[in-house]
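Have a look at the structure below, then the notes.
Just so it is clear, the structure is predicted and the values come from calculations on it, not from any experiment.
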Amino acid sequence: MVDANQRWDVEEAIQYMKNLAHFKLHWIEEPTSPDDVLGHAAIKKALAPFGIGVATGEQCQNRVVFKQFLQSGAMDFCQIDATRVGGVNENLAIILMAAKCKVPVCPHAGGVGLCEYVQHLSVFDYICVSGSTENRFGFVMNSLGVSIFGVVV
């Protein structure tokens with residue numbers, strides 16, 4: 001995985017990732033401006049032949065922006081930031097839209113508090129929506145070692 005932190009324009013993201021394709025990267029995270037839905041779609045289309053997915057969403061503020069990303073096919077991995085989108089209901093709506101579009105949700109998490117919050121959303125996704133942990137490693141990677149008490153089911 002590579003996290004570009006919205007650093008590149010569309011053509012730069014495509015070129016840099018093509019140059020890194022021989023490393024068999026799973027995804028490019030936040031390759032360009034977080035509200036450039038069509039730019040993300042172009043990056044996804046260009047990188048698909050190389051097996052590199054596009055992960056985005058940590059900077060999106062609401063379900064409407066996620067709906068545009070999902071309907072346009074501009075993301076391979078949906079990265080909700082549970083605190084940025086404003087509440088449990090908004091997060092659940094995004095998880096359900098992603099499931100409808102067959103896009104796995106890999107919550108963005110870091111620091112204290114957010115990791116605990118996304119654990120609960122990930123458990124909801126697993127039990128009530130997707131029934132899968134496949135391609136959902138954002139939760140695992142960011143939660144390990146941060147939470148003293150994990151979610152207990």
Side-chain angles (χ1 to χ4, degrees), residues 1-122 124-125 129-130 132-144 146:
M1 297 174 283
V2 172
D3 189 345
N5 284 315
Q6 310 98 34
R7 176 74 174 98
W8 300 323
D9 65 32
V10 173
E11 291 305 317
E12 281 180 307
I14 292 168
Q15 192 56 51
Y16 283 132
M17 294 310 295
K18 282 182 177 180
N19 291 340
L20 295 172
H22 64 281
F23 289 108
K24 307 282 188 219
L25 300 169
H26 196 62
W27 76 32
I28 174 64
E29 181 175 335
E30 299 281 331
T32 194
S33 177
D35 53 0
D36 186 356
V37 176
L38 298 178
H40 279 83
I43 293 167
K44 181 182 171 200
K45 182 178 180 182
L47 297 181
F50 299 93
I52 302 171
V54 172
T56 193
E58 70 183 67
Q59 297 293 325
C60 295
Q61 295 84 12
N62 58 62
R63 67 184 178 271
V64 176
V65 177
F66 278 97
K67 179 186 79 159
Q68 293 172 358
F69 271 100
L70 292 163
Q71 283 183 332
S72 66
M75 64 170 54
D76 294 297
F77 302 93
C78 179
Q79 291 190 297
I80 55 174
D81 185 301
T83 57
R84 189 164 284 124
V85 298
V88 173
N89 290 344
E90 196 81 354
N91 280 285
L92 298 182
I94 295 164
I95 290 169
L96 292 169
M97 285 190 297
K100 183 175 182 173
C101 295
K102 298 181 178 15
V103 173
V105 176
C106 301
H108 171 256
V112 177
L114 181 56
C115 292
E116 288 77 12
Y117 187 12
V118 300
Q119 285 183 62
H120 292 278
L121 294 171
S122 294
F124 170 82
D125 180 26
V129 181
S130 68
S132 174
T133 57
E134 185 177 345
N135 281 324
R136 286 164 170 80
F137 31 58
F139 161 70
V140 175
M141 290 173 54
N142 289 312
S143 297
L144 291 177
V146 175

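Using a distance-only test at 3.5 Å, with no hydrogens or angles considered, no donor-acceptor pair links the side chain of Gln71 to the main chain of Phe69. At least one donor-acceptor pair under 3.5 Å links the side chain of Glu30 to the backbone N or O of Gly57.
For residues 48-62, no pair satisfies salt bridge (Lys or Arg N to Asp or Glu O under 4.0 Å), with sequence neighbours left out. Screening residues 47-68 for ring-ring contact (aromatic ring centres under 6.0 Å, His included) gives no qualifying pairs among residues at least two apart or on separate chains.
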Could you pull out every donor-acceptor pair under 3.5 Å between side chains of residues 90-103 and any protein atom, sequence neighbours left out?
unit_1 : atom_1 : unit_2 : atom_2 : d
Glu90  : OE1    : Arg63  : NH1    : 2.4
Glu90  : OE2    : Arg63  : N      : 2.8
Glu90  : OE2    : Arg63  : NH1    : 3.4
Asn91  : ND2    : Ala82  : O      : 3.1
Asn91  : ND2    : Gly87  : O      : 2.7
Asn91  : ND2    : Tyr117 : OH     : 3.4

Side-chain donor-acceptor distances from residues 16-25 under 3.5 Å, at least two apart:
unit_1 : atom_1 : unit_2 : atom_2 : d
Asn19  : OD1    : Gln15  : NE2    : 3.2
Asn19  : ND2    : Gln15  : O      : 3.4
His22  : ND1    : Asn19  : O      : 3.2

Output a table of donor-acceptor pairs, distance under 3.5 Å, between side-chain atoms of residues 36-45 and any protein atom two or more places apart or on a different chain; print 'none' if there are none.
unit_1 : atom_1 : unit_2 : atom_2 : d
Asp36  : OD1    : Gly39  : N      : 2.7
His40  : ND1    : Asp36  : O      : 2.9
His40  : NE2    : Thr56  : OG1    : 3.3
Lys44  : NZ     : Gly73  : O      : 3.0

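Scanning both residues, Val85 and Cys60, for their nearest heavy atoms gives CG1-O, 3.3 Å.
With sequence neighbours excluded, the residues that form a side chain to side chain contact (heavy atoms under 4.5 Å, CB included) with Asp9 are Glu11, Glu12. Residues passing the side chain to side chain contact (heavy atoms under 4.5 Å, CB included) test with Ala4 are Trp8, Ile28, sequence neighbours excluded. With sequence neighbours excluded, the residues forming a side chain to side chain donor-acceptor pair (under 3.5 Å) with Thr83 are Asp81, listed by chain and number. When the side chain to side chain donor-acceptor pair (under 3.5 Å) test is applied to Asp35, the partners found at least two apart in sequence or on another chain are Ser33. With sequence neighbours excluded, no residue forms a salt bridge (charged side-chain N to carboxylate O under 4.0 Å, His left out) with Arg7.
The closest side-chain heavy-atom distance from Pro104 to Ser130 is not below 4.5 Å. Taking the side chain as every heavy atom from C-beta outward, Ser72 and Gln68 never approach each other to under 4.5 Å.
For the atom pair SG (Cys106) and CD (Glu29), the distance works out to 9.0 Å, reported to the nearest 0.5 Å.
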Apply side chain to side chain contact (heavy atoms under 4.5 Å, CB included) to Met1 and Phe77, showing your working.
CA-CA 12 Å; Met1 297 174 283; Phe77 302 93; over 6 Å; no

